[in-house]
Amino acid sequence: MTVADRLGPTIFERSRPGRGGGKVPHPPKDALSRIPAGNLREAAPRLPEVSEPELTRHYVNLSQLNYSVDTGFYPLGSCTMKYNPKINEWAARLNGFAALHPLAPDEASQGTLQLLWELEEALAEIGGMKAVTLQPAAGAQGELTGILMIRAYHRSRGETDRTEVLVPDSAHGTNPATASMAGFKTITIPSAPDGGVDVDAFRAALGPRTAAIMITNPSTLGLFEARLCELLDAVHEVGALAYMDGANLNAIMGRFKPGEAGFDVMHINVHKTFSTPHGGGGPGAGPVGVGEKLLPFLPSPRVLRASDGSFRLEGAAERPTSIGRVRAFVGNTGVLVRAYAYIRAHGGTGLCEVSDDAVLAANYLKVRVAEVLDVPFTRPCMHEFVASSATLKAETGIRTLDVAKRLIDYGFHPPTIYFPLTVDEALLIEPTETESLETLDAFVEALRRIVVEAHSDPELLHSAPHSSPVRRLDETMAARQPNLRWRAMTGVQMPCPD
Ligand SMILES: *Cc1c(COP(=O)(O)O)cnc(C)c1O
């Protein structure tokens with residue numbers, strides 16, 4: 001079957017004039033004349049005309065071309081395709097939350113405000129922080145919010161010479177991007193040979209110009225920073241602040257509180273740690289927790305609880321030290337409802353178990369993968385670990401990209417590849433804590449067979465995947481000249497709107 005066959009005709013190509021879809025039950029006779037003339041269309045919209053079953057089949061069939069957490073194992077490191085309990089979808093769709101108008105007055109929004117307030121409390125407890133803002137719409141925006149608060153803090157003390165942010169070379173790309181967006185100069189610090197941050201290199205770069213350091217802990221190599229206390233002490237000695245990228249929180253919940261360890265600010269990717277499906281780049285949330293020093297600068301409006309137990313949003317001019325709003329309204333509420341439901345369902349002990357199981361699954365898989373590929377860092381990992389096909393490449397010419405593409409033929413989503421950048425031919429593998437032993441073993445078995453194939457039939461791997469609707473793409477062309485626009489493949493019935 002060709003790609004065109006698998007993808008089928010588009011919904012516009014299926015359209016036939018007059019072939020209707022759903023029916024509106026008993027519309028009033030004067031329905032159209034009730035709409036003001038100025039709001040009526042001059043021409044009918046160019047919508048495809050198909051029957052309801054055709055429409056349903058079209059989109060259900062398209063959805064079957066996707067790989068998803070509902071169809072198989074998704075060991076994507078760094079981006080953490082977590083367990084997303086289906087019941088949280090129900091909770092997020094409850095009318096009281098989903099249908100609440102964002103401009104509804106506080107009196108009519110008590111339930112949502114209470115949920116937000118309680119979620120802030122729970123996240124502050126988990127992070128060991130004084131307070132939390134739920135506004136940022138993603139981790140990257142949480143970082144920006146945190147760094148803007150750090151900037152406001154230094155300015156409030158008249159320390160405008162603090163223009164530098166130190167970031168280790170293993171950091172997620174959003175860290176240096178954030179520092180630059182906030183007007184800081186990023187100083188990249190090389191990692192130590194054991195994969196951890198190089199505390200001595202950090203110490204040497206710290207000084208009166210340092211505004212902050214940004215550390216991901218556990219790191220993007222899946223390692224917990226061994227010399228954290230030493231590093232944080234050194235940062236505070238020079239009057240700088242410490243930012244923790246908390247995207248990997250799912251490995252340490254209940255076991256380590258960044259605020260208590262001395263971090264001044266952190267973000268949490270609730271769509272990674274607390275159950276929002278985010279594979280399609282859908283909405284997220286990046287709440288930010290702060291310690292005492294940054295409390296005055298939190299974005300406004302905050303959710304406040306009055307002494308009578310009622311809730312309200314802070315007024316616009318109530319806290320002049322605030323950095324202001326970072327997002328419309330109160331944040332991505334649907335994502336926050338899911339996070340609340342996840343946290344309440346697990347409770348404190350349950351969240352500790354989630355972390356323990358994530359660490360156990362990752363360490364098990366790491367030991368098993370070491371049977372077939374290189375595993376450069378031998379000390380125990382947290383929720384993810386780095387493997388490498390550098391040896392396989394030297395022996396057979398097969399690269400990590402080929403291994404990843406061939407995994408698709410074995411029914412697995414590939415792990416993250418070529419990240420972190422500091423490891424040659426890297427694969428960043430993260431099993432979630434809910435995967436069974438059988439699934440983890442089957443994944444290792446697929447890798448084992450691929451390594452055998454690399455020696456016996458390398459061409460099979462170079463041209464993989466063989467079973468997917470879209471075969472091997474030209475990676476460079478796909479990035480540089482993405483062709484995302486629909487073009488007729490089987491004859492046009494109707495022009496597609498641009
Ligand atoms: C995912 C991730 C981010 C960015 O978060 P988004 O929600 O995707 O914006 C930042 N740092 C790390 C370590 C991450 O894994």
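All values reported here derive from a predicted model rather than from experimental measurement.
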Residues [X], [Y]: salt bridge by 4.0 Å N-O rule:
| X | Y | value |
| --- | --- | --- |
| K272 | E430 | no |
| E384 | K366 | no |
| E314 | R319 | yes |
| R312 | E318 | yes |

Assess whether atom CZ of R379 is packed by more than 12 heavy atoms of other residues, nucleotides or ligands within 6.0 Å.
yes
[X] versus [Y], closest heavy-atom pair with distance:
| X | Y | value |
| --- | --- | --- |
| A479 | P482 | O-CD, 3.7 Å |
| P414 | L76 | O-CD1, 3.7 Å |
| I11 | P48 | O-CB, 3.5 Å |
| T112 | T333 | CG2-CG2, 3.9 Å |
| I252 | M244 | CD1-CE, 4.2 Å |
| S109 | A104 | OG-O, 3.5 Å |

Between [X] (side chain) and [Y] (backbone), is there a donor-acceptor pair under 3.5 Å?
| X | Y | result |
| --- | --- | --- |
| Y67 | F73 | yes |
| R338 | G334 | yes |
| D357 | T434 | no |
| D409 | S467 | yes |
| R151 | A182 | yes |

With N363 via side chain to side chain donor-acceptor pair (under 3.5 Å) - residues at least two apart
none
Who passes side chain to side chain donor-acceptor pair (under 3.5 Å) against Y340, sequence neighbours left out?
E118, R344
To the nearest 0.5 Å, tell me how far [X] [atom1] sits from [Y] [atom2].
| X | Y | atom1 | atom2 | result |
| --- | --- | --- | --- | --- |
| K257 | E125 | NZ | CD | 3.5 Å |
| D245 | S219 | CG | OG | 10.5 Å |
| S51 | R19 | OG | CZ | 6.5 Å |

Any side-chain heavy-atom pair from L241 and L294 closer than 4.5 angstrom?
yes
Among Y74, Y410, Y364, F412, exactly one meets ring-ring contact (aromatic ring centres under 6.0 Å, His included) together with F443. Which residue is that?
F412
For residues 132-140, dump all side-chain donor-acceptor pairs below 3.5 Å to protein atoms at least two apart in sequence or in another chain.
residue : atom : partner : partner atom : Å
T133    : OG1  : Q135    : N            : 3.2
Q135    : OE1  : V326    : N            : 2.8
Q135    : OE1  : R327    : N            : 3.3
Q135    : NE2  : S300    : O            : 2.8

Carefully, step by step, assess N175 and Y243 under the rule side chain to side chain contact (heavy atoms under 4.5 Å, CB included).
CA-CA 10 Å; N175 291 189; Y243 185 101; 5.8 Å; no
